[in-house]
Amino acid sequence: QVQLVESGGGLVQAGGSLRLSCVASGRTSRSYAMAWFRQAPGKERDFVAAIRWSGTSTMYADSVKGRFTISRDNAKNTVYLQMNNLNPEDTAAYYCAAGSYYYSHTAGYEYWGQGTQVTVSS
């Protein structure tokens with residue numbers, strides 16, 4: 001089992017930045033890929049970004065490319081999502097996920113955090 005706890009969400013004005021963190025505990029000895037997804041009210045949970053265990057490969061949703069950066073520190077069992085130039089369309093609950101496959105769909109991830117809310121005002 002792996003437990004994931006997100007932090008760093010909040011209220012920010014359009015054009016601002018936030019950095020989300022996700023700390024993993026439990027069976028962190030496995031080489032999990034990590035990802036961020038987001039879900040707005042009444043909508044499906046959408047892929048945002050993913051990173052391999054090694055950190056050598058990353059991928060992003062088109063809507064966040066050039067604005068968001070995913071990174072990880074395996075020594076701290078932590079994955080980050082740096083979000084710059086935020087806009088109101090980025091408002092959602094953001095979820096951290098861990099899984100055996102480096103994938104851009106929710107089905108690829110076995111473990112999920114509880115989410116952290118990001119609200120961007122115009």
Side-chain angles (χ1 to χ4, degrees):
Q1 283 284 57
V2 175
Q3 293 78 44
L4 302 172
V5 179
E6 304 98 333
S7 62
L11 174 65
V12 64
Q13 289 188 331
S17 299
L18 284 174
R19 188 175 84 153
L20 306 183
S21 300
C22 172
V23 179
S25 60
R27 292 189 64 183
T28 56
S29 59
R30 285 189 59 184
S31 304
Y32 290 110
M34 301 291 292
W36 289 94
F37 289 77
R38 66 186 182 185
Q39 188 169 19
K43 296 189 176 181
E44 294 185 348
R45 190 167 294 189
D46 291 331
F47 171 73
V48 175
I51 186 168
R52 289 189 185 275
W53 180 85
S54 63
T56 55
S57 294
T58 58
M59 55 178 168
Y60 297 90
D62 288 343
S63 59
V64 307
K65 279 181 183 176
R67 300 188 298 122
F68 291 11
T69 303
I70 188 171
S71 62
R72 66 190 298 165
D73 183 341
N74 289 340
K76 296 181 178 180
N77 295 321
T78 302
V79 64
Y80 305 97
L81 185 68
Q82 177 66 45
M83 305 186 295
N84 298 328
N85 193 21
L86 286 158
N87 59 62
E89 290 69 39
D90 296 315
T91 295
Y94 283 70
Y95 296 89
C96 175
S100 302
Y101 301 99
Y102 174 61
Y103 198 42
S104 60
H105 192 278
T106 55
Y109 297 90
E110 302 154 58
Y111 303 104
W112 292 85
Q114 293 299 306
T116 184
Q117 179 67 35
V118 171
T119 303
V120 184
S121 63
S122 57

Test item: side-chain donor near acceptor, D73 and T78, under 3.5 Å: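 Short answer, no.
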
With a 4.5 Å cut-off on side-chain heavy-atom distances among I, L, V, M, F, W and Y, is there a chain of contacts connecting V23 to W36? no

Does V48 share a hydrophobic cluster with L86, counting links as ILVMFWY side-chain heavy atoms below 4.5 Å and allowing steps through other members?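 Yes; tracing contacts between hydrophobic side chains, which count when under 4.5 Å, links both residues.
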
Whether Q82 side chain and F68 backbone form a donor-acceptor pair below 3.5 Å: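 Here the side-chain-to-backbone pair does not exist.
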
Side-chain donor/acceptor of T91 to backbone N/O of T119, under 3.5 Å: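 No; judged by distance alone, with no hydrogens or angles, the pair does not exist.
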
If every non-hydrogen atom of [X] is compared with every non-hydrogen atom of [Y], which pair is closest and at what distance?
X	Y	result
P88	S122	CG-CB, 3.8 Å
Q39	K43	NE2-O, 3.0 Å
S104	M59	N-CE, 3.6 Å

Contacts of [X] that satisfy side-chain contact (heavy atoms from CB on, under 4.5 Å) - sequence neighbours left out:
X	answer
V118	L18, L20, M83, Y94, V120
N74	W53, R72
A49	Y60, I70, L81
A93	Y95, Q117

Can you list every pair that meets salt bridge (Lys or Arg N to Asp or Glu O under 4.0 Å) and has a residue in residues 103-122, with sequence neighbours left out?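 Pairs touching residues 103-122 that pass the test: none.
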
Pairs in or reaching into residues 12-24: which pass salt bridge (Lys or Arg N to Asp or Glu O under 4.0 Å), with residues at least two apart or in two chains?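 Matches after skipping sequence neighbours: none remain.
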
Partner residues of K65 under the salt bridge (charged side-chain N to carboxylate O under 4.0 Å, His left out) criterion, sequence neighbours left out: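 K65: salt bridge (charged side-chain N to carboxylate O under 4.0 Å, His left out) contacts with D62.
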
Which residues pass the salt bridge (charged side-chain N to carboxylate O under 4.0 Å, His left out) test with R67, sequence neighbours left out? D90

Is there a side-chain contact between K76 and S21 (heavy atoms, below 4.5 Å)?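 Side chain of K76 against side chain of S21, heavy atoms only: no contact under 4.5 Å found.
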
Does the side chain of V2 come within less than 4.5 Å of L4's, by heavy atoms?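 Yes - at least one pair of side-chain heavy atoms lies under 4.5 Å apart.
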
Contact list for residues 92-122, test disulfide bond (SG atoms under 2.5 Å apart), sequence neighbours left out: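 For residues 92-122, and leaving out neighbouring residues, the disulfide bond (SG atoms under 2.5 Å apart) pairs sorted by first residue read C22-C96.
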
I need the full list of ring pair (Phe, Tyr, Trp, His ring centres under 6.0 Å) pairs touching residues 98-122, with sequence neighbours left out, sorted by first then second residue.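 Listed by first then second residue: Y32-Y111, F37-Y109, F37-W112.
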
Distance (rounded to the nearest 0.5 Å) between [X] [atom1] and [Y] [atom2]:
X	Y	atom1	atom2	answer
E89	S63	CD	OG	10.0 Å
L11	S121	CG	OG	5.0 Å
M34	T58	CE	OG1	14.5 Å

Set of residues satisfying side chain to side chain donor-acceptor pair (under 3.5 Å) with respect to S54, sequence neighbours excluded: T56

Listed partners of Y80 passing ring-ring contact (aromatic ring centres under 6.0 Å, His included), at least two apart: none

